[in-house]
Amino acid sequence: MATSIDQPPRVVSPAHAQAFDRQARQLGLRPDDKWIGGYVDYEWDHLRHVLATLPVAPAELEVLEFGCNVGASAILFAHLGARVTAVDIDRDWLDLARLNAARYGCDNIAFDCAPDSTRLPYPDGSFDLIACNSVLEYVAPVELGAVQRELDRVLRPGGLILLTGTSSRLWPREGHTRRWLVNYVPRRFDGFFAQAPARGISPWRARHGFGRHYENLDRPGMDACFARSRLAMGSGALRLRLQLGLASLLGVGPGLLGPYMSCLLKKKH
């Protein structure tokens, strides 16, 4: 697959596009949904600006996309030249992600199924960057700590963990389901629901759950990168000033204050 930092990925295979649509419908999904067939375009308009602020070019990185979903982020990383491994617990979604990559002519992604996310099939220190895009909040709470430690294991010293789109439990409205106040309901009451409600995770867990040996590169004093990427994605200047000011006052990274958290962590050793 030819790479370009100036041109977005394009669907190049009608046959694989049709196969992608069929697989999506078999899973009860709408292929034309923004978060299914349109997700790569969304990531080009959003995640690309975050990647532009990384301290190293994507083309120089060995990337693990953890919880790859339909493969949109993995496709973007590969389009920008990274060597990408995409992993998920669900084989059906992996099949959909493979077809998504194929319809974009992207043949340089390794797709792996790992039913147990606490035991990933990779040696220690395999990756330069691990991308967690809207995924940690879907990990069972009793397993989240073990999963974060496993991600730490397969990341090399000096490597990066990029969290994006992670629903915050601090906000009154859960980011993905859009349900009010469920973030504040203690889990001991889950038995009263037909299905346990989805919740975000805490900013503390997002920042410190991988271990204390991480530096937050998205913090006051380094907020120019955060602001530049958010402005490129269309955030208003006033909202950004308020968010950066509050982050500075609290001494935390500004990406941890929104309903969808983001942060870039560097493994020190």
Side-chain angles (χ1 to χ4, degrees), residues 1-13 16 20 34-89 93-114 117 120-122 125-136 151-152 154-156 158-166 210 217-218 225-226 228-229 232-233 255 260 262-267:
M1 177 183 180
T3 63
S4 171
I5 61 172
D6 300 316
Q7 297 297 322
R10 299 293 187 192
V11 173
V12 298
S13 172
H16 285 109
F20 174 86
K34 177 175 71 172
W35 304 115
I36 306 299
Y39 208 166
V40 173
D41 292 336
Y42 178 88
E43 294 292 48
W44 175 259
D45 292 335
H46 295 81
L47 180 60
R48 171 174 56 103
H49 300 297
V50 176
L51 301 185
T53 70
L54 292 178
V56 60
E60 301 176 26
L61 298 173
E62 192 82 33
V63 173
L64 175 66
E65 175 72 14
F66 177 72
C68 67
N69 191 262
V70 298
S73 300
I75 291 167
L76 179 59
F77 273 107
H79 179 75
L80 297 176
R83 299 172 300 282
V84 183
T85 298
V87 66
D88 205 284
I89 64 172
W93 281 88
L94 273 174
D95 289 342
L96 187 63
R98 287 191 186 95
L99 290 171
N100 202 17
R103 73 182 182 131
Y104 281 95
C106 186
D107 58 3
N108 56 342
I109 301 175
F111 289 96
D112 292 327
C113 185
S117 297
L120 297 175
Y122 312 114
S126 294
F127 301 100
D128 301 306
L129 183 145
I130 297 175
C132 299
N133 186 352
S134 303
V135 64
L136 294 183
L151 293 175
D152 172 61
V154 300
L155 183 68
R156 69 168 179 82
L160 303 170
I161 291 180
L162 176 64
L163 268 64
T164 53
T166 301
F210 300 96
L217 300 186
D218 176 24
C225 292
F226 175 88
R228 188 164 66 248
S229 67
M233 288 187 283
Y260 303 98
S262 66
C263 61
L264 180 63
L265 307 175
K266 182 177 180 179
K267 186 175 180 179

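Not measured: the values here are computed from a predicted model. Only this structure's heavy atoms are used, side chains among them; waters, hydrogens and symmetry mates stay out.
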Item to check | Residue pair H46, T164: steps toward the side-chain contact (heavy atoms from CB on, under 4.5 Å) verdict | outcome: CA-CA 10 Å; H46 295 81; T164 53; over 6 Å; no
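- The minimum heavy-atom distance between P55 and L217, with the atom names listed, is CG-CD1, 4.2 Å.
- The structure places CH2 of W44 at 10.0 Å from CG of L51, a figure rounded to the nearest 0.5 Å.
- The side-chain hydrogen bond (donor to acceptor under 3.5 Å, both in side chains) check on D41 picks up nothing, with sequence neighbours excluded.
- For residues 62-85, the salt bridge (charged side-chain N to carboxylate O under 4.0 Å, His left out) pairs, not counting sequence neighbours, are E62-R83.
- Atom CG of L120 sits about 8.0 Å away from atom CZ of F127, to the nearest 0.5 Å.
- To the nearest 0.5 Å, the span separating CG on D88 from SG on C68 amounts to 4.5 Å.
- With sequence neighbours left out, the ring pair (Phe, Tyr, Trp, His ring centres under 6.0 Å) criterion links Y39 to W35.
- Using a distance-only test at 3.5 Å, with no hydrogens or angles considered, no donor-acceptor pair links the side chain of H79 to the main chain of R10.
- Sorted by first then second residue, the salt bridge (charged side-chain N to carboxylate O under 4.0 Å, His left out) pairs that include residues 66-78, not counting sequence neighbours, number zero.
- In this structure, F66 has no ring pair (Phe, Tyr, Trp, His ring centres under 6.0 Å) partners at least two apart in sequence or on a different chain.
- In this structure, F77 and A131 approach most closely via the heavy-atom pair CE1-CB, 3.8 Å.
- Residue I130 forms a side-chain contact (heavy atoms from CB on, under 4.5 Å) with just one option from L162, V154, L160, L163, and that option is V154.
- Taking OH from Y122 and CG from D112, the interatomic distance works out to 3.5 Å, rounded to the nearest 0.5 Å.
- Distance check, rounded to the nearest 0.5 Å: CD1 of I36 to CG of N69 gives 6.5 Å.
- Qualifying side-chain hydrogen bond (donor to acceptor under 3.5 Å, both in side chains) partners for D128, counting only residues two or more places apart in sequence or in other chains: R156.
- Applying the side-chain contact (heavy atoms from CB on, under 4.5 Å) test to A102 and every residue at least two apart in sequence or in another chain returns H16.
- Within the structure, the side-chain hydrogen bond (donor to acceptor under 3.5 Å, both in side chains) test picks out the following pairs touching residues 94-103 (sequence neighbours left out): D95-R98, N100-R103.
- Considering only residues two or more places apart in sequence or on other chains, A101 meets the side-chain contact (heavy atoms from CB on, under 4.5 Å) condition with I75, C106, I109, F111.
- Remark: Y42 engages no residue in a side-chain hydrogen bond (donor to acceptor under 3.5 Å, both in side chains) (not counting sequence neighbours).
- Distance check: L155 CG to L129 CG gives 7.5 Å after rounding to the nearest 0.5 Å.
- Heavy atoms only, all atoms of each residue included: A82 and N108 are closest at O-ND2, 4.4 Å.
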